Amino acid sequence: MDGDGFEEAELDALEHVVRDTSAEPMKLSLPLVKHITNDFSGESLIGEGGFSKVYLGVLPSGSRIAVKRILSSHTMDERPFRREIDTTRKAAHKNIVRLIGYCSHTEETPIKCEGQRGYIYAEMRERLICIEYVPNGTLDTHITDESAMDVR
Ligand SMILES: Nc1ncnc2c1ncn2[C@@H]1O[C@H](COP(=O)(O)OP(=O)(O)OP(=O)(O)O)[C@@H](O)[C@H]1O
């Protein structure tokens with residue numbers, strides 16, 4: 001375990017999945033995703049959609065991936081998260097943005113309430129989808145520029 005709370009081997013495995021386009025998408029830990037997005041910093045934010053904020057993730061090799069962070073208002077319902085993973089996975093094709101990994105993390109955080117003796121527990125949910133990074137891409141259709149040019 002390194003200082004950021006994930007194994008170096010996990011980062012190596014992610015590098016491998018990014019490099020090898022035939023590799024299966026992998027499950028990722030929240031500490032690793034936080035590490036590559038600089039803790040979801042403002043500088044890493046590259047886009048926003050209807051149900052997610054999209055961050056740039058940078059690996060030690062310099063490889064880049066896009067990290068979709070599902071908005072907290074949408075994390076209680078697992079369906080959009082699963083649907084997006086399923087459709088991106090099934091759409092495996094050289095011209096279609098590739099699914100690289102995903103992270104599903106739920107944590108109970110104790111919160112002390114004034115006037116109460118005990119704690120209440122708030123559920124913090126993170127749902128993240130890591131996909132191939134497309135520079136200047138509009139990702140409405142998950143289609144890369146190359147295939148968009150083929151459509152006439
Ligand atoms: N793979 C990617 N590479 C680079 N930028 C991306 C990528 N995916 C998304 N973005 C950026 O993030 C923005 C929002 O992405 P996207 O529309 O896929 O989000 P969403 O939450 O699924 O939204 P909606 O469901 O409303 O379409 C895009 O317009 C684009 O600027």
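Predicted model only: the values in this text are computed from it and were never measured.
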A.B. asks: Heavy atoms only: give me the nearest Met124-Thr109 pair and the separation to one decimal.
C.D. replies: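 Scanning both residues completely, I find the closest heavy atoms to be CG-OG1, 3.2 Å.
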A.B. asks: Is the backbone N or O of Ser63 less than 3.5 Å from a side-chain atom of Ser61, with the two atoms forming a donor-acceptor pair by type?
C.D. replies: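 Between the backbone of Ser63 and the side chain of Ser61 there is a qualifying donor-acceptor contact (under 3.5 Å).
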A.B. asks: Between Lys53 and Leu45, does a side chain to side chain contact (heavy atoms under 4.5 Å, CB included) hold up when you go through it step by step?
C.D. replies: CA-CA 7 Å; Lys53 285 191 174 188; Leu45 185 67; 3.8 Å; yes
A.B. asks: In a check of side chain to side chain donor-acceptor pair (under 3.5 Å) between Glu126 and each of Lys34, Arg69, His105, which one passes?
C.D. replies: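 Checked Lys34, Arg69, His105 against Glu126; only one passes side chain to side chain donor-acceptor pair (under 3.5 Å): Arg69.
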A.B. asks: Looking only at heavy atoms, what is the nearest atom pair of Ser29 and Cys103, with distance?
C.D. replies: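 For Ser29 versus Cys103, the nearest heavy atoms are C-SG, 4.0 Å.
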A.B. asks: Can you find a pair of side-chain heavy atoms, one from Thr37 and one from Leu56, that are under 4.5 Å apart?
C.D. replies: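 Sidechains of Leu56 and Thr37: no contact.
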A.B. asks: What about Ile65 and Ile46, same hydrophobic cluster or not, with Ile/Leu/Val/Met/Phe/Trp/Tyr joined at side-chain heavy-atom distances under 4.5 Å?
C.D. replies: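 No, Ile65 does not connect to Ile46 through the hydrophobic network.
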A.B. asks: Can you give me the closest heavy-atom contact between Glu10 and Lys27, atom names plus distance?
C.D. replies: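 Heavy atoms of Glu10 and Lys27 come nearest at OE2-O, 4.3 Å.
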A.B. asks: Is the shortest heavy-atom distance from the side chain of Arg83 to the side chain of Glu78 under 4.5 Å?
C.D. replies: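 No, side chains not in contact.
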A.B. asks: For the residue pair Arg127 and Thr106, confirm or rule out a side-chain donor-acceptor distance under 3.5 Å.
C.D. replies: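 Yes, a side-chain donor-acceptor pair sits under 3.5 Å.
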A.B. asks: List the steps and the verdict of side chain to side chain contact (heavy atoms under 4.5 Å, CB included) for Leu59 and Arg64.
C.D. replies: CA-CA 6 Å; Leu59 307 191; Arg64 296 162 164 215; over 6 Å; no
A.B. asks: Once rounded to the nearest 0.5 Å, what's the spacing between atom CD of Glu108 and atom CZ of Arg125?
C.D. replies: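 Rounded to the nearest 0.5 Å, the CD-CZ separation comes out at 10.5 Å.
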A.B. asks: Is there a side-chain contact between Ile129 and Val67 in this structure, where contact means two heavy atoms from C-beta onward sitting under 4.5 Å apart?
C.D. replies: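 They are not in contact (no side-chain heavy atoms under 4.5 Å apart), so the answer is no.
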A.B. asks: Spell out, yes or no, whether Tyr133 and Val58 are grouped together once hydrophobic residues are joined by side-chain heavy atoms under 4.5 Å, including indirect joins.
C.D. replies: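 Yes, one cluster joins them.
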A.B. asks: Answer yes or no: is there a side-chain heavy-atom contact under 4.5 Å between Met26 and Leu14?
C.D. replies: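 SC-SC contact between Met26 and Leu14 confirmed.
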A.B. asks: Which value, rounded to the nearest 0.5 Å, describes the distance between Glu132 atom CD and Ile100 atom CD1?
C.D. replies: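 Taking CD in Glu132 and CD1 in Ile100, the distance rounds to 6.5 Å.
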A.B. asks: Just by distance, do the side chain of Thr88 and the backbone of Glu84 share a donor-acceptor pair under 3.5 Å?
C.D. replies: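 Here the side-chain-to-backbone pair exists.
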A.B. asks: Is there side-chain contact between Glu123 and Glu107, with at least one heavy-atom pair below 4.5 Å?
C.D. replies: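 No, their side chains stay 4.5 Å or more apart.
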A.B. asks: Determine, step by step, whether Asp20 and Ser22 satisfy the side-chain hydrogen bond (donor to acceptor under 3.5 Å, both in side chains) criterion, reporting the C-alpha distance in whole Å, the side-chain angles of both residues, the deciding distance to 0.1 Å, and the verdict.
C.D. replies: CA-CA 5 Å; Asp20 179 356; Ser22 64; 2.7 Å; yes
A.B. asks: To the nearest 0.5 angstrom, please state how far the OH atom of Tyr102 sits from the CZ atom of Arg82.
C.D. replies: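 Interatomic distance, Tyr102 OH to Arg82 CZ, rounded to 0.5 Å: 11.5 Å.
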A.B. asks: Could you grab the distance from atom OG of Ser52 to atom CD1 of Ile70, nearest 0.5 Å is fine?
C.D. replies: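 Atom-to-atom, Ser52:OG and Ile70:CD1 are 5.5 Å apart.
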A.B. asks: So do the side chains of Leu28 and Leu128 get within less than 4.5 Å of each other, counting heavy atoms only?
C.D. replies: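 Sidechains of Leu128 and Leu28: no contact.
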A.B. asks: Hey, are Ser72 and Thr75 close enough side-chain-wise for a donor-acceptor pair under 3.5 Å?
C.D. replies: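 The criterion, which ignores hydrogens and geometry beyond distance, is not satisfied for Ser72 and Thr75.
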A.B. asks: Please answer: with hydrophobic residues joined when any side-chain heavy atoms are less than 4.5 Å apart, are Leu99 and Phe51 in the same cluster?
C.D. replies: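 Yes, one cluster joins them.
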A.B. asks: Given side chains that start at C-beta, do those of Phe6 and Leu11 come closer than 4.5 Å, heavy atoms only?
C.D. replies: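 The answer is yes, as the side chains (C-beta and beyond) meet within the 4.5 Å cut-off.
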A.B. asks: In the single-linkage hydrophobic clustering (I, L, V, M, F, W, Y; side-chain heavy atoms under 4.5 Å), do Phe40 and Ile36 co-cluster?
C.D. replies: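 Phe40 and Ile36: one cluster.
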A.B. asks: If we only count heavy atoms from C-beta on, is the Phe81 to Ser104 side-chain gap below 4.5 Å?
C.D. replies: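 Phe81 reaches Ser104 side chain to side chain.
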A.B. asks: Can you give me the closest heavy-atom contact between Gly101 and Pro25, atom names plus distance?
C.D. replies: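 Closest pair (atom of Gly101, atom of Pro25, distance): N-CB, 4.2 Å.
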A.B. asks: Determine whether Leu71 and Leu30 fall in the same hydrophobic cluster, where Ile, Leu, Val, Met, Phe, Trp and Tyr are linked whenever their side-chain heavy atoms lie under 4.5 Å apart.
C.D. replies: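 No: no chain of side-chain contacts under 4.5 Å links Leu71 to Leu30.
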